[in-house]
**Student:** 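One structure, as structure tokens, below. Some questions next.
These numbers were taken from a predicted model, which means no experiment stands behind them.
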Amino acid sequence: MVRPDGTDINSIGVNVLRMTNRFSWDETVTRGVFEKLYVATKYPIIIVDLSGSLKGIGENEYSFFRAEGSINYKLQLPPMGTSKITLSGGKIIGQVPYPFLKLHEGNGSYFFDKTAFSCMEYYEFASDTWITLFWEHNFKGFFLGKIPLLKRLQWRENFTLKAAYGTVNARNDGRPGKQSVFEAPMLFPAGMNTLDKPYVEMGVGISNILKIIRVDCFWRCTHRERENPVTGEMEPVAGRFVLNFGLELRF
């Protein structure tokens with residue numbers, strides 16, 4: 001960790017108070033002694049997450065307020081299947097180093113993760129104001145179920161769209177070489193960038209293979225090239241096409 005003036009940062013500290021609120025209507029839940037499990041509802045679910053920190057409490061070095069919200073909706077579209085849509089966004093007010101920004105969830109593995117961008121690397125993009133969309137549609141055999149030989153396998157077709165857009169205020173923008181870099185408390189690591197241009201990836205896959213296996217192919221539709229920090233030339237990124245594997249149980 002390095003400051004814009006080149007000096008090293010040995011550690012950073014923060015104390016956060018957080019409150020999460022969930023709003024749902026006519027939702028089926030199961031209650032245990034120590035936990036509450038949410039099962040299903042036909043209405044949208046709204047989640048609001050608020051957190052904040054004040055400098056000077058303990059070893060805390062930064063003051064900021066972070067507000068996030070999301071809408072989750074399961075849309076039934078018979079006979080074409082079911083869509084699961086999650087629209088979320090947030091904003092960070094205050095000056096913070098990059099570990100406290102919104103680090104968009106990348107996936108550098110071959111394992112399928114519904115909450116991460118499959119073609120995005122870890123620590124590739126950061127924002128302090130952002131919006132994301134995750135849309136997954138399961139056709140439930142609408143196409144494959146009409147093919148005689150494949151019908152017996154009971155495979156299910158899936159389509160996925162993942163998108164994100166975000167910006168970084170000058171006081172938090174630690175990208176080396178930027179004019180405002182000295183306003184930021186910490187330099188971004190090599191390869192980290194902002195999402196001034198929307199990021200989009202799309203995927204198709206097959207689930208219910210042997211009842212539990214899922215395979216998805218994802219294509220990176222935007223940000224397919226990256227500037228070489230040495231030569232300044234644009235080069236293709238490595239993760240323009242990825243293959244993900246997962247286990248999925250459906251009842």
Side-chain angles (χ1 to χ4, degrees), residues 16-52 65-93 102-107 111-118 120 127-145 154-167 195 198-208 211-214 216 218 221 244 246-251:
V16 176
L17 179 64
R18 181 179 179 183
M19 179 177 64
T20 302
N21 304 278
R22 178 187 176 96
F23 303 93
S24 62
W25 177 260
D26 196 25
E27 185 173 24
T28 303
V29 299
T30 60
R31 300 177 185 269
V33 179
F34 297 106
E35 61 183 7
K36 178 180 178 182
L37 300 178
Y38 303 95
V39 181
T41 178
K42 62 180 180 180
Y43 300 102
I45 299 171
I46 300 175
I47 299 176
V48 178
D49 195 323
L50 306 175
S51 59
F65 175 74
R66 177 170 177 152
E68 298 180 76
S70 66
I71 300 176
N72 304 280
Y73 186 43
K74 187 174 182 180
L75 178 62
Q76 303 287 348
L77 296 171
M80 294 290 291
T82 303
S83 282
K84 293 181 179 179
I85 304 170
T86 300
L87 179 65
S88 61
K91 184 175 181 60
I92 299 173
I93 301 174
K102 170 64 173 178
L103 301 177
H104 295 276
E105 298 82 359
N107 185 5
F111 295 101
F112 179 72
D113 186 350
K114 291 185 177 182
T115 63
F117 294 92
S118 298
M120 186 185 294
S127 306
D128 60 16
T129 303
W130 67 93
I131 184 171
T132 63
L133 171 66
F134 285 74
W135 173 32
E136 178 185 336
H137 186 81
N138 187 320
F139 287 93
K140 296 187 176 181
F142 181 80
F143 299 105
L144 296 179
Q154 295 185 345
W155 288 354
R156 301 291 181 257
E157 320 89 328
N158 299 283
F159 169 78
T160 305
L161 171 67
K162 303 178 182 181
Y165 173 74
T167 59
L195 275 175
Y199 174 93
V200 179
E201 65 180 42
M202 301 174 67
V204 293
I206 296 177
S207 61
N208 204 46
K211 303 299 182 181
I212 60 172
I213 300 174
R214 173 171 179 166
D216 287 81
F218 285 93
C221 303
N244 283 174
L247 300 178
E248 190 174 59
L249 299 176
R250 292 182 181 272
F251 300 96

**Student:** Hey, are Asp113 and Asn107 close enough side-chain-wise for a donor-acceptor pair under 3.5 Å?
**Tutor:** no
**Student:** Are any non-hydrogen side-chain atoms of Ser51 and Met19 less than 4.5 angstrom apart?
**Tutor:** no
**Student:** Take a 6.0 Å sphere around CZ of Phe111 and say whether it holds more than 12 heavy atoms from other residues, nucleotides or ligands.
**Tutor:** no
**Student:** Rounded to the nearest 0.5 Å, how far does CD1 of Ile93 lie from CZ of Phe65?
**Tutor:** 6.5 Å
**Student:** Would you indicate whether the side-chain heavy atoms of Leu247 and Phe112 approach each other to under 4.5 Å?
**Tutor:** no
**Student:** Is the distance between the ring centroids of Phe134 and Phe117 under 6.0 Å?
**Tutor:** yes
**Student:** What heavy-atom pair brings Ala116 and Gly106 nearest, and what distance separates the two atoms?
**Tutor:** CB-O, 3.8 Å
**Student:** Hey, what do you get for OG (Ser207) to CZ (Arg156), rounding to the nearest 0.5 Å?
**Tutor:** 7.5 Å
**Student:** Quick one: does NZ or CZ of Lys162 land under 6.0 Å from the six-membered ring centre of Phe218, within 45 degrees of the ring axis?
**Tutor:** yes
**Student:** For the pair Lys91 and Asp128, find out whether any cationic side-chain nitrogen is under 4.0 Å from an anionic carboxylate oxygen.
**Tutor:** no
**Student:** Using a 4.5 Å cut-off on heavy atoms from C-beta on, say whether the side chain of Asn72 contacts that of Ile85.
**Tutor:** no
**Student:** If we check side-chain contact (heavy atoms from CB on, under 4.5 Å) with Asn138, which of these qualifies: Thr160, Asn158, Asn208?
**Tutor:** Asn158
**Student:** Just by distance, with hydrogens left out, do Trp135 and Ser83 show a side-chain donor and acceptor under 3.5 Å apart?
**Tutor:** yes
**Student:** Any carboxylate oxygen within less than 4.0 angstrom of a Lys/Arg side-chain nitrogen, looking at Glu136 and Arg214?
**Tutor:** yes
**Student:** Salt-bridged, Glu248 to Lys114, with N to O below 4.0 Å?
**Tutor:** yes
**Student:** If we count only N and O atoms by modelled type, under 3.5 Å, do the side chains of Thr82 and Lys140 hold a donor and an acceptor together?
**Tutor:** yes
**Student:** Measure the shortest side-chain to side-chain distance between Ile47 and Thr20 over non-hydrogen atoms and say whether it is less than 4.5 angstrom.
**Tutor:** yes
**Student:** Scan side-chain atoms only and decide if Thr41 and Asp26 contain a donor-acceptor pair under the 3.5 Å cut-off.
**Tutor:** no
**Student:** Excluding sequence neighbours, so at least two apart, what forms side-chain contact (heavy atoms from CB on, under 4.5 Å) with Val204?
**Tutor:** Phe159, Trp219
**Student:** What I want to find out is whether Lys42 reaches Glu27 closely enough, with some N-O distance under 4.0 Å, to be called a salt bridge.
**Tutor:** no
**Student:** Taking side-chain contact (heavy atoms from CB on, under 4.5 Å) as the definition, give me every residue that meets it alongside Glu35, ordered by chain and number, with sequence neighbours left out.
**Tutor:** Leu37
**Student:** With sequence neighbours left out, what residues match Tyr73 under side-chain contact (heavy atoms from CB on, under 4.5 Å)?
**Tutor:** Pro44, Leu75
